[in-house]
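Below: one structure, written as structure tokens.
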2 protein chains.
Amino acid sequence: MTQSPARSTIADVARHAGVSKATVSRFLNHRDTLLSPGIAGRVEAAIADLGYTPSPMAQALKRGRSRLIGLVVADITNPYSVAVLRGAEQACREAGYLLMLFNLGNEGERESAGIHALSSYRVEGFILNTMGHDAGALLETARQGKPIVLVDRLHQGLDVDFVSLDNRQAIYLGARHLVDAAYRELLLVTEPLGGVSSRLERARAFDAFVREHGGAVSGQCFESQAQGQDALVAALQAARARAQARSAMPAVISNNAVVTLRIVAAVAGLGWRLGRDIGLVGIDDTEWAPYVGPGISTISQPTDELGRMAAQCLMQRVAGSNVPARKALLPGTLVARGSSRQ
Amino acid sequence: MTQSPARSTIADVARHAGVSKATVSRFLNHRDTLLSPGIAGRVEAAIADLGYTPSPMAQALKRGRSRLIGLVVADITNPYSVAVLRGAEQACREAGYLLMLFNLGNEGERESAGIHALSSYRVEGFILNTMGHDAGALLETARQGKPIVLVDRLHQGLDVDFVSLDNRQAIYLGARHLVDAAYRELLLVTEPLGGVSSRLERARAFDAFVREHGGAVSGQCFESQAQGQDALVAALQAARARAQARSAMPAVISNNAVVTLRIVAAVAGLGWRLGRDIGLVGIDDTEWAPYVGPGISTISQPTDELGRMAAQCLMQRVAGSNVPARKALLPGTLVARGSSRQ
DNA sequence: TTGTATGCGTTATCAT
DNA sequence: ATGATAACGCATACAA
């Protein structure tokens, strides 16, 4: 493997074109304003000749701007995170930014480490989809004037842009759909609330929905943990018993795709059939939803939009905008399938 | 939002501790070898006081080492890519490297742009999971002495480290399992071969398997495209017809999770039942595999291992190792479920 | 319009 | 053992 010449620098170009480094730099940055016709051509040719590309590192050092955006996700394995990531990456790229990714792998304590690592690379802003269990590092970067956009999860005491599914609308959409399909005993299954804003909001919206429907509809909330399949099975059985006691039909609203699979497993274990013995609507529409059991009804999140919007909010801030913190709530859409047929 | 003081530099620390910049730098880099007891303490205190962190940008500029690894994936939406990414990120982080991600979004032509973008940030090496339709940029970076590790897909004319599922072993494992379950008419469904090494290898292994079994087992290969569901349905029907003509059972081997879902959809559309009317083993074990139909039998790839190994190979190269290009083939494991019960 | 000189935050080479 | 200084690649204030 022939070790080829190191990549050329602005000095090389200058020498090659017989001009000064400053001139080359000007050609790069102020081509239109300050430039002499003949020289410009020579510089351009030299750049092409040497295949010169500016070093973003050096530029960052000089300008204090890195054209880098930091993205911290709680768990890259979560399809939701990936979907958002996708949209965000696209928007950033189109704006000439590159994304630096930090995955917490569900170890929330590492959030601070992630922020610091990215921060040290002088990223110009952060997109965060984390639990927010580490307010310190965040407050610090916010105080340093680095823009932050929160996705899906709000963090306490942090007055920054926020992009999320309209949780209330989504829960109402799903619950109403179930009620319309004659289900009357509802169970919201969520991962442990644990102060996570989106989960709390959904739980609250669920309560509100049930309350608004007086005695006609009754509902409970169950916090499911990965290890606690037995408890989930029990909760399902209890819900069905309550329903049968008043000759009603039970149905479950699932808080995300991971929980949906847990419910599917529990239902299968009980020998029940979705849509016949128990209804189900899950938040997050996945590629497999149509093919599990009779098809899982879902509330689809506009994930690409969420990612794009997060990135765009951030770009505005990076560009200097100083408007008050915004909250962007995007609506979910219902995809009805067999699991909620009456 | 109070614009807090800019982050402190090595000069600040030096002033604070009443020493020279060089001394601080020494404390940071050669603490053990050259150091006076008292001074060290003062520097350490100053660093703690000011919350100083070195700027990787400046370090990169000076050292020519960025502690950055570039990861280019064909499609971040592909669960396989994500799984590998996960393993790679972890290994990199543990080695003190950060990952810069570039997603092609299935637009292969952007590969060159991605390589160049990352390259300009002076990443120290590349992990690539792409189609390799753009050999130019790759050859160039290889010639620049930047290590490259290919994951899953080999690129022509590029003699670099390669980490992948043992495709032959995986296909044989799946095919033998189906034959053991009394399926005799096999159909390999893959995305269009199009010169993608992993797909070609699997197709070849499949052919070899069929050949080795003489007339007892017969097999065909079908290239499925996203838009061509009808063609897939027809291929399935044809396979079943061939099977029935010799009173045998048909079964499908799917090349990856995306194709598996297409097959599931086609089978559902035909009103067939997996495991009864047609067998199925899919490469890639996903979270939903147990819950689709009677459960999808799969060949599970050691994705985390693949990612880790790719990263570790790269780290070795980055550290200067110059051993000949390696090929690491990791075995898949069979997860038998309802879709292949005889 | 172009060139010279300086500094961004580090590290390394010289001195001392 | 420590300090002054140059250099990494670039952009800019200033001088010409």
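Numbers restart at 1 for each chain; the letters A, B, ... are given by sequence-line order, proteins then strands. On a predicted model such as this, the values are computed, not experimentally measured, just so you know.
Distance, B/I10 CD1 to D/dA4 P: 14 Å, rounded to whole Å. Atom CZ of B/F27 and atom P of C/dT10 are 14 Å apart (whole Å). With rounding to whole Å, B/R42 atom CZ is found 13 Å from D/dA1 atom C1'. Rounded to an integer number of Å, the gap from CG of A/L61 to P of D/dA7 is 17 Å. When the C1' atom of C/dG7 is taken as reference, atom CE of B/M57 falls 17 Å away, rounded to whole Å. The distance between atom CG of B/L50 and atom P of C/dG9, rounded to the nearest whole Å, is 13 Å. With rounding to whole Å, B/N29 atom CG is found 11 Å from C/dT10 atom P. One interatomic measurement links the two molecules: CG of A/D12 to P of D/dC8, which rounds to 10 Å at whole-angstrom precision.
The residue among A/T9 and B/S20 whose nearest nucleotide of DNA chain D is located toward the 5' end is B/S20. For the pair B/A58 and B/P37, nearest-nucleotide mapping onto DNA chain D gives the more 5' position to B/P37.
For A/I39, the side-chain atoms get nearest to C/dT2 when compared with the rest of C/dT2, D/dA1, D/dT12.
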Please walk me through it: do B/I69 and B/L314 pass side-chain contact (heavy atoms from CB on, under 4.5 Å)?
CA-CA 9 Å; B/I69 296 294; B/L314 198 55; 3.5 Å; yes
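For C/dA12, its base never sits under 3.5 Å from the side chain of B/K62 at any donor and acceptor pair. With hydrogens and angles ignored, a donor-acceptor pair under 3.5 angstrom links the side chain of A/R26 to the base of C/dG3. On a pure distance criterion of 3.5 Å, a polar donor-acceptor pair joins the side chain of B/K21 and the base of C/dT10.
Salt bridge B/R65/B/E124: present, at least one basic N to carboxylate O contact under 4.0 Å. Classification of A/E89 and A/R308 as a salt-bridged pair fails, no side-chain N sitting under 4.0 Å from a carboxylate O.
For the pair A/Q59 and D/dG9, the criterion of a side-chain N or O lying under 4.0 Å from OP1 or OP2 is not met. Side-chain N/O atoms of A/S36 include one lying less than 4.0 angstrom from OP1 or OP2 on C/dT2. In terms of phosphate contacts, A/H30 brings a side-chain nitrogen or oxygen within less than 4.0 Å of OP1 or OP2 of D/dT12. Note on B/S25: a side-chain N or O is less than 4.0 Å away from OP1 or OP2 of C/dT11. For D/dG9, the OP1/OP2 oxygens have no side-chain nitrogen or oxygen of A/S55 closer than 4.0 Å. Contact annotation: B/T23 does not reach the phosphate of D/dT2 (side-chain N/O to OP1 or OP2, under 4.0 Å). At the phosphate of C/dG9, neither OP1 nor OP2 sits under 4.0 Å from any side-chain N or O atom of A/Y121.
When all heavy atoms of B/M57 and A/Y121 are compared, the pair lying nearest together is CE-O, 2.9 Å. Pairing each heavy atom of B/V323 with each of B/R317, the nearest pair is O-NH1, 2.5 Å.
Among the heavy atoms of the strands, none lies under 4.0 Å from B/S120. Counting any heavy atom pair closer than 4.0 Å across all strands shown, B/V19 reaches sugar-phosphate atoms only and no base atom.
Environment of CD in A/Q156: sparse, with no more than 12 heavy atoms of neighbouring residues, nucleotides or ligands closer than 6.0 Å.
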